Amino acid sequence: MTAARGETVDVIANARLTGSDRTDPFGADPVDVHLAEGLVVDIAPAGALARNGSVLDAEGGWVVPGLWDHHVHTVQWALSAQRVPLGGATSAAQAASLMGAAEPLADGRRVGSGFRDAFWADTPDLHVLDAATGEVPTYLINADVHSVWLNTAALRREGFEPDDQGILREEPAFEISRRLNAVDASVSDPLVARMARDAAARGVVGLVDLDMSWNEDAWARRLAAGFDALRISFGIYPQFLDRAVADGLKSGDVARGAASDLVRVGPLKVITDGSLGTRTAACSHAYPDDPHNHGLLTVDLATLVDLMTRATAAGIASAIHAIGDVANSHALDAFAATGAWGTIEHAQLVSHADIPRFARLGIGASVQPEHALDDRDLTDTVWAGQTAQPYPLRALADSGANLLFGSDAPVSPLDPWAAMASAVFRTRDGRDAWQPAQRVDAATALAASTRGGSAEPARIGPGDVADLAIVERDPLCADEMALRGMPVSATLLGGRLTHRV
């Protein structure tokens, strides 16, 4: 019997294996991968064992561990499907014009996302936005989500006093995002389901959801409605830490009230500094033309240590947002002081002395390789005076740090193959490689895109969970364009097909 989407597979026939440090004897020869009860139970030469049950013919494709995105803002990414894309806007005036031409959403607001104003010749101006958008509340979310540009109608609706720009940064911007994301479940849940199907079509079997809300209830609701496309590990923000501790949540536990074990408790997420694009990442050297601006530490070290101590005592891991080198130093100091485990999220600018501390402390580097290329021109200008290492992928890997790749969607699209290509080749759109010394090899990139990260080779064997993807090219041998456009013919979650071409 041939397996169809939604069915459980018993045998993946005529597949090929890949991965570094392989110990199997098969080389490039085709194999059959036998599955049972959600696990890989045997791998044998093609046709050597009886193909009982449901068979999925890989037709010579390569089978790899299922992919993970370790940093996603799930609802915000899902809602971007109905928001005006602003990534192509080359000026504030053009962005305002695009919003003025957009139809309001059902709730009467216009929402756009993805603008990058660092190289605009003009600056965001409230009067320009008002002239283009009138009395319809209008919101433009920066690509890095650390700032939001609002017209007067939106500022008044949200209770903020207008100023000359209409820009809100950091926590006020996050509050606006939380409000915009708090749409009715009848709107958001179908978009989340579509997002999950799209992710499965790229070989994704799981993600870390870092939405800024109480995520347990939302995921229990989605599971009850039939969500079954991905495994989810959901984050907990500081404002919810007391609730999580009182409720006995522990990282790795199955979400309470969940209809399956697909959703589990993840880490405490703490944002400790800003971003490069808004010039608020906390750095040791000042930003150009602004000698007093070293960015912002939005959580001081004592508060961070307190939060992480409480989380650790309760059995909750920590995921600490740190972009600038000062923020990364503080985050590492807090891990050392508390004995917490988990990740530093982003690690975009790291002092040379701090790079080996990740491995020494056992802290994962949860990084987004596509951001390096999104920000390459900005890094070369805004961070030109910094002495720390920007986007130190190879340096972290060589030091023994566990790399975990993600997208930070909607900041970058949820596509692990794009992340791998950026990490391996450090180029996009035909440009020369940017800081090629920080490339990693394809085997490291593939492993960093799986659940456990680069600490373990990305290969499959008996006893492994049958979270798998079948791809049409060997990812360890693909060039940049082939890796970015990697065709995925099937994705399996515990042996059940969540995607099939």
Side-chain angles (χ1 to χ4, degrees), residues 68-78 171 174-175 177-178 181-182 185 188-189 192 196 205-272 299 303-322 331 334-335 337-345 361-364 366 402 404 406 408 451-453 465 467 493-494:
W68 273 69
D69 189 312
H70 291 275
H71 192 125
V72 178
H73 301 278
T74 301
V75 169
Q76 192 149 346
W77 171 234
E171 182 52 39
F174 298 150
E175 176 58 25
S177 287
R178 284 190 286 267
N181 294 342
S188 61
D189 284 0
V192 169
V205 297
L207 58 83
V208 180
D209 175 22
L210 296 174
D211 271 339
M212 297 181 186
S213 60
W214 180 255
N215 292 304
E216 186 182 40
D217 292 346
W219 281 110
R221 181 187 70 238
R222 293 169 192 143
L223 288 175
F227 181 95
D228 64 358
L230 301 172
R231 300 189 192 276
I232 305 295
S233 174
F234 64 84
I236 300 163
Y237 279 76
Q239 62 267 36
F240 302 115
L241 180 58
D242 287 343
R243 177 179 177 181
V245 172
D247 289 350
L249 270 61
K250 299 181 186 299
S251 295
D253 284 356
V254 175
R256 298 168 305 160
S260 76
D261 64 356
L262 290 181
V263 175
R264 295 180 181 269
V265 180
L268 167 71
K269 170 69 184 299
V270 186
I271 299 174
T272 67
V299 177
T303 301
L304 182 60
V305 166
D306 175 67
L307 288 167
M308 294 171 66
T309 298
R310 290 159 54 203
T312 303
I316 299 172
S318 293
I320 309 303
H321 165 116
F335 274 109
T338 61
W341 77 100
T343 60
I344 288 180
E345 302 294 318
L361 293 169
I363 305 308
S366 177
N402 187 28
L404 301 129
D408 199 11
R451 184 171 198 165
V465 175
D467 290 355
L493 189 66

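These numbers come from a predicted model, not from an experiment.
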Revision key, fill the gap. Shortest non-hydrogen pair, A331 vs I344, comes out as CB-CD1, 3.7 Å

Review point. Distance from S233 atom OG to W68 atom CH2, nearest 0.5 Å?
Key: 6.0 Å

Practice item. Could you tell me whether the side chain of R231 and the main chain of V205 form a donor-acceptor pair under 3.5 Å? Key: no

Exercise for review: Output yes when a side-chain donor or acceptor of K250 lies under 3.5 Å from a complementary backbone atom of A314, and no otherwise.
Suggested key: yes

**Study point:** S318 side chain to I320 backbone, donor-acceptor under 3.5 Å
**Key:** no

Review point. Is a donor on one side and an acceptor on the other found under 3.5 Å between the side chain of S251 and the backbone of G266?
Key: yes

Check your understanding: Any idea which heavy atoms bring A319 and E345 closest together, and the distance?
Key -> CB-OE2, 3.7 Å

Review point. Any donor-acceptor pair under 3.5 Å linking the side chain of N181 with the backbone of S177?
Key: yes

Review point. Below 4.5 Å, heavy atoms only, C-beta onward: do W77 and V192 meet side chain to side chain?
Key: no

Check your understanding: Under the salt bridge (charged side-chain N to carboxylate O under 4.0 Å, His left out) criterion, do E216 and R256 qualify, and how do the steps go?
Key -> CA-CA 7 Å; E216 186 182 40; R256 298 168 305 160; 2.6 Å; yes

Check your understanding: Which atoms form the tightest heavy-atom contact between F240 and S213, and what is the distance?
Key -> CE1-C, 3.4 Å

Point to revise | Derivation of the side chain to side chain donor-acceptor pair (under 3.5 Å) call for W219 and D209 | key: CA-CA 10 Å; W219 281 110; D209 175 22; 2.7 Å; yes

**Study point:** Non-hydrogen atoms of A220 and G257 that approach each other most closely
**Key:** CB-O, 4.0 Å

Review point. Which heavy-atom pair separates I316 from A244 by the least distance, and what is that distance?
Key: CD1-CB, 4.3 Å

Review point. Are the side chain of D408 and the backbone N or O of H71 linked by a donor-acceptor pair below 3.5 Å?
Key: no

Review point. Side-chain contact, heavy-atom cut-off 4.5 Å: L304 with M308?
Key: yes

Review point. Does D217 come within less than 4.0 Å of R221, counting only side-chain N to carboxylate O?
Key: no

Review point. At what distance, to the nearest 0.5 angstrom, does CE of M212 lie from CZ of R178?
Key: 6.5 Å

Point to revise | Inter-residue atom distance I363.CD1 - F335.CZ, 0.5 Å rounding | key: 4.5 Å

Exercise for review: Test I271 against E171 for side chain to side chain contact (heavy atoms under 4.5 Å, CB included), laying out the working first.
Suggested key: CA-CA 10 Å; I271 299 174; E171 182 52 39; over 6 Å; no

Point to revise | Side chain N402, main chain G452, donor-acceptor under 3.5 Å | key: yes

Check your understanding: If only atom types and distance count, is the side chain of T272 paired as donor or acceptor with the main-chain N or O of H321 below 3.5 Å?
Key -> yes

Check your understanding: Under 4.5 Å between any side-chain heavy atoms of K269 and I236, yes or no?
Key -> no

Exercise for review: Compare all side-chain heavy atoms of D253 with those of R264 and state whether any distance is below 4.5 angstrom.
Suggested key: no

Exercise for review: Check for a donor-acceptor pair, side chain of T338 on one end and backbone N or O of A334 on the other, with a separation under 3.5 Å.
Suggested key: yes

Exercise for review: Taking atom types as modelled, find out whether D211 and H73 have a side-chain donor-acceptor pair closer than 3.5 angstrom.
Suggested key: no

Practice item. Tell me, with the steps shown, if V72 and L210 meet side chain to side chain contact (heavy atoms under 4.5 Å, CB included). Key: CA-CA 6 Å; V72 178; L210 296 174; over 6 Å; no

**Study point:** Side-chain heavy atoms of L307 within contact of L268, under 4.5 Å
**Key:** yes

Review point. Could you go step by step and tell me if T74 and Q76 meet the side chain to side chain donor-acceptor pair (under 3.5 Å) rule?
Key: CA-CA 6 Å; T74 301; Q76 192 149 346; over 6 Å; no

Exercise for review: Of all the heavy-atom pairs spanning L223 and A258, show the shortest one and how long it is.
Suggested key: CD1-CB, 3.5 Å

Check your understanding: Should Y237 and V270 be marked as a side chain to side chain contact (heavy atoms under 4.5 Å, CB included) after you check the CA-CA gap, both sets of side-chain angles, and the distance that decides it?
Key -> CA-CA 6 Å; Y237 279 76; V270 186; over 6 Å; no

